[in-house]
Amino acid sequence: MATVSSEGGLVKSSWSDLAIFGGSRSFRQPLHVGTPNIGSPERFFDRARDILERKVLTNFGFYVREFERALGDYLGVKHCITVCNATVALEITARALELRGEVIVPSMTFVATAHALQWQEITPVFCDIDPSTHLLDPQKVEAMITPRTSGILGVHLWGRPCDIEQLSEIARKHNLKLFFDAAHAFGCSYQGRMIGRFGDAEVLSFHATKVLNSFEGGAIVTNNDQLAEKVRWMTNFGFAGRDNVVYLGVNGKMSEIQAAMGLTSLESFDTFVRHGRANYHAYRAGLSGIPGIRLREFDELERNNFQYIIIEVNPDVVGLSRDELLAVLSAENIDARRYFYPGCHRMEPYRSYYPHAGLLLPNTERIVERVLALPTGMAVSQEDIGVITSLIAKVVEWAPQVRDAMTGLNK
Ligand code: T4K
């Protein structure tokens with residue numbers, strides 16, 4: 001029989017209490033990985049009212065300029081150009097850097113990273129990751145360089161910085177452009193310096209599910225004056241002034257209402273990070289000692305945004321696959337996600353273009369089968385995490401019975 005704990009969560013005393021087998025759900029409402037962090041609604045409404053009164057809704061208005069200034073100051077970077085979302089920001093950056101041919105990129109990333117290249121007929125060449133970091137393995141990057149390679153696009157996955165030093169060295173040695181998909185890494189640091197200052201440019205995402213959000217949105221940050229100017233023009237159809245188009249461009253502008261949300265979010269950013277950090281510590285305490293479940297830790301000597309809580313499930317030790325654990329958690333209203341299954345190389349159009357890409361990606365192929373992102377953010381409390389981690393511990397303890405019962409369900 002399931003009983004109610006002092007925190008209000010359900011304590012299950014047998015595998016048959018699990019919701020997947022007909023027991024009550026641990027949570028009445030789903031707990032998500034990406035419920036938006038909302039700062040002060042009043043501050044946002046004040047700004048929204050002001051926007052309507054000013055009657056400047058877009059095209060580099062007051063709030064976009066203020067948001068760009070605030071972001072640039074926060075990161076200590078010379079230029080910040082806000083964009084409607086990070087995918088378009090990656091496309092614009094790749095084009096402004098004049099990339100062509102091949103660009104080396106991890107497959108272990110959100111598909112937008114690869115699409116931003118392929119959309120412009122630049123071939124994303126998928127490179128394997130270091131399994132201990134989930135990040136591009138610099139040695140493997142170097143081995144994939146060909147005469148067609150024009151750049152490297154590193155991804156600071158889960159907010160953990162790539163090996164920037166080595167990648168910069170490789171890029172310099174082979175005369176390649178280097179830029180970073182920093183969609184997960186706003187507020188994180190590398191060797192004590194904020195992400196946003198590295199490579200030729202870095203791209204941030206402020207999507208609703210990100211630790212800092214502007215509903216949708218992103219930014220290109222760089223210390224390169226010429227690149228910044230070009231990027232700004234390209235986000236506005238290539239206009240360098242009224243009636244003067246100097247580049248091929250798109251409409252990649254951030255609107256005023258997005259910037260108002262971004263500024264409001266930025267004011268509460270420290271609170272979001274504090275909450276995320278406390279959640280991370282609650283997960284760390286609750287998951288420690290569970291055989292076969294490994295939490296990806298943060299390097300607390302650096303600045304972190306604590307945006308993603310990532311575990312690896314070792315099926316040989318747990319006795320259940322990641323997908324079986326996911327099914328159990330989902331039934332309990334714990335909406336964990338298989339980010340970034342199955343890897344870009346196994347998604348279209350890449351799997352048709354490069355059906356054998358997986359042969360060079362053994363670490364990626366193994367890790368995408370094991371990773372699970374667990375709910376966190378302001379909408380998730382430490383009490384919720386207590387319920388989630390106790391449940392995971394129980395499920396691992398009951399793994400043989402759970403597996404047998406699941407086999408029965410699937411018959
Ligand atoms: N590079 C990397 C490494 C990225 O991870 C991303 C985006 C990009 C580039 C591109 O950045 P943007 O162009 O998006 O700026 C989500 C996001 O849509 C995507 O931005 C993000 N990465 C990716 C990791 O996650 P989905 O398909 O998993 O999102 P969705 O709609 O399932 O949302 C997750 C959960 O969050 C939902 O189950 C419910 C909750 N949610 C979501 C939204 C949008 C809410 O409660 N409220 C909301 O408004 O892709």
Side-chain angles (χ1 to χ4, degrees), residues 27 29-39 44 71 81-94 103 105-119 124 126 129 133-136 153-162 179-186 188 195-196 201-221 235 250 252-255 257-259 261-262 265 272 305 307-310 326 329-330 333-344 347 364 368 371-380 384:
F27 296 95
Q29 301 291 332
L31 284 186
H32 297 296
V33 169
T35 303
N37 292 335
I38 308 291
F44 172 72
L71 290 168
I81 299 101
T82 52
V83 181
C84 55
N85 61 57
T87 307
V88 170
L90 286 166
E91 289 169 11
I92 291 172
T93 310
V103 169
V105 67
S107 171
M108 175 73 179
T109 180
F110 190 58
V111 74
T113 318
H115 279 356
L117 300 168
Q118 187 66 53
W119 193 251
F126 296 118
I129 50 167
T133 63
H134 297 184
L135 302 166
L136 269 184
L153 171 50
V155 179
H156 303 311
L157 200 71
W158 322 133
R160 278 31 163 227
C162 296
F179 67 126
F180 294 102
D181 177 338
H184 296 182
F186 178 77
C188 303
I195 290 295
E202 303 206 60
V203 168
L204 304 161
S205 172
F206 308 127
H207 181 260
T209 57
K210 297 291 185 282
V211 61
L212 176 83
N213 90 82
S214 60
F215 299 140
E216 289 271 2
I220 300 164
V221 282
T235 57
V250 290
K253 292 175 278 94
M254 177 176 273
S255 70
I257 200 73
Q258 287 175 282
M261 185 61 176
S265 199
F272 301 158
N305 60 24
Q307 176 167 215
Y308 288 107
I309 296 291
I310 301 296
L326 174 66
L329 295 179
S330 302
N333 258 341
I334 302 165
D335 187 19
R337 298 295 294 264
R338 298 189 293 183
Y339 288 151
F340 287 107
Y341 179 83
C344 297
M347 293 179 168
T364 303
V368 293
V371 165
L372 213 46
L374 297 176
T376 189
M378 295 298 285
V380 179
D384 295 333

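Side chains are part of it too, since the values below use all heavy atoms of this structure and drop only hydrogens, waters and symmetry mates. For ligands, and for the atoms within them, numbers begin at 1 and follow the listed sequence.
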For this session: State, without any angle test, whether T209 and H207 hold a side-chain donor-acceptor pair at a distance under 3.5 Å.
Result: yes
Exercise. Does a side chain donor of either H156 or E202 reach within less than 3.5 Å of an acceptor in the other side chain?
Worked result: yes
Exercise. Does N37 have any side chain to side chain donor-acceptor pair (under 3.5 Å) partners at least two apart in sequence or in another chain, and if so, which?
Worked result: none
For this session: Give me the one residue out of L90, T113, V221 that meets side chain to side chain contact (heavy atoms under 4.5 Å, CB included) with V203.
Result: L90
Problem set entry | Within the protein, residues bringing a heavy atom under 4.0 Å of ligand 1, chain by chain | H32, G34, T35, P36, N85, A86, T87, T109, F110, A112, T113, D181, A183, H184, S205, H207, A208, T209, K210, G217, Y308, D335, R337, Y339, F340
Exercise. With sequence neighbours excluded, what pairs up with F44 under the ring pair (Phe, Tyr, Trp, His ring centres under 6.0 Å) test?
Worked result: F215
For this session: Check ring pair (Phe, Tyr, Trp, His ring centres under 6.0 Å) between H184 and all other residues, then give those that pass, not counting sequence neighbours.
Result: W158, Y308, F340
